[in-house]
Amino acid sequence: MFELLDIKYLAVSVIVIAILKNVLLKEQKTTTKTRISNTQSEMVSAAVIQNVKKAISSSKIFVAHKSYCPYCHATLNTLLKDKKIPESKINLLELDTMKDGAEVQDALAEISGQRTVPNIYILGKHIGGNSELQQLDKEGKLDELLKEALA
Ligand SMILES: N[C@@H](CCC(=O)N[C@@H](CS)C(=O)NCC(=O)O)C(=O)O
């Protein structure tokens with residue numbers, strides 16, 4: 001009688017362990033898949049990086065910005081209103097409204113090490129964001145740079 005019960009318990013235990021093992025294995029597989037797809041979605045394609053580099057190097061002034069960003073508004077105010085740079089002389093990329101803006105932002109982060117906007121380049125040289133632009137202006141170096149860019 002006892003022996004029969006023991007065998008029953010043993011059989012039930014083996015089944016429970018097998019089910020648990022199966023569930024754990026399935027969970028592990030899903031986690032690995034999620035990690036792989038996350039990595040892939042964070043990758044910027046070489047073609048996009050190449051295109052962004054080309055846009056930077058072929059622009060006298062390059063500003064990646066976002067429509068709602070107050071730092072971007074300050075930068076554009078400085079360049080367009082204070083410094084009277086014609087809009088046609090600035091390569092303006094509005095990342096939140098353009099197609100592929102998120103990818104361009106990823107590429108910019110890769111190229112310049114800066115993820116935030118505005119992301120400013122003058123004559124292919126990375127200036128930084130709005131703080132750096134305003135600092136250059138305070139130091140009296142911005143006018144010279146802009147003059148050189150528009151010469
Ligand atoms: N210190 C920076 C601040 C820029 C900043 O924080 N920009 C925000 C938008 S207003 C940003 O880029 N956030 C991340 C994002 O939009 O992806 C500067 O002066 O440019």
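Just so you know, ligand 1 is whichever comes first in the structure, and atom 1 is the first atom listed for that ligand.
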(message) How far is atom 6 (O) of ligand 1 from the closest protein heavy atom, and which atom is that?
(response) Tyr71 CE1, 3.7 Å
(message) Please list the nearest protein heavy atom to atom 17 (O) of ligand 1 with its residue and the distance rounded to 0.1 Å.
(response) Gln105 NE2, 2.9 Å
(message) Please check whether Thr116 reaches ligand 1 - meaning an N/O of the residue sits under 3.5 Å from an N/O of the ligand, judged on distance alone.
(response) no
(request) Evaluate the side-chain proximity of Lys66 to Gln105: yes if any heavy-atom separation is below 4.5 Å, no if none is. (result) yes
(message) So which atom in His73 and which in Ser67 form the shortest heavy-atom distance, rounded to 0.1 Å?
(response) NE2-O, 2.6 Å
(message) As an exercise, identify every atom of ligand 1 less than 4.0 angstrom from a heavy atom of Lys66.
(response) 15 (C), 16 (O), 17 (O)
(request) For the residue pair Leu146 and Lys60, establish whether any side-chain heavy-atom pair is separated by less than 4.5 Å. (result) no
(message) Could you check whether any side-chain heavy atom of Val63 comes within less than 4.5 Å of a side-chain heavy atom of Asn119, counting everything from C-beta outward?
(response) no
(request) Number the atoms of ligand 1 from 1 as they appear, then name those within less than 4.0 Å of a heavy atom of Gly129, with their elements. (result) 20 (O)
(request) Could you list which atoms of ligand 1 come closer than 4.0 Å to a heavy atom of Ser131? (result) 1 (N), 18 (C), 19 (O)
(message) Show the atoms of ligand 1 that are less than 4.0 angstrom away from any heavy atom in Pro118.
(response) 20 (O)
(request) Mind telling me whether Phe62 and Tyr121 have parallel, tilted or perpendicular rings, with 30° and 60° as the class edges? (result) perpendicular
(request) Tell me which protein heavy atom sits closest to atom 20 (O) of ligand 1, plus the residue, atom name and distance to 0.1 Å. (result) Asn130 N, 2.8 Å
(message) What I'd like to find out is whether the side chain of Met98 reaches to under 4.5 Å of the side chain of Val104, using heavy atoms alone.
(response) yes
(request) Write out the residue and atom name of the closest protein heavy atom to atom 9 (C) of ligand 1, then the distance separating them to 0.1 Å. (result) Cys69 SG, 3.6 Å
(message) Students should be able to answer this: which protein heavy-atom is nearest to atom 12 (O) of ligand 1, and at what distance?
(response) Val117 N, 2.9 Å
(message) Regarding Asp137 and Thr78, do their side chains bring together a donor and an acceptor under 3.5 Å, going by distance alone?
(response) no
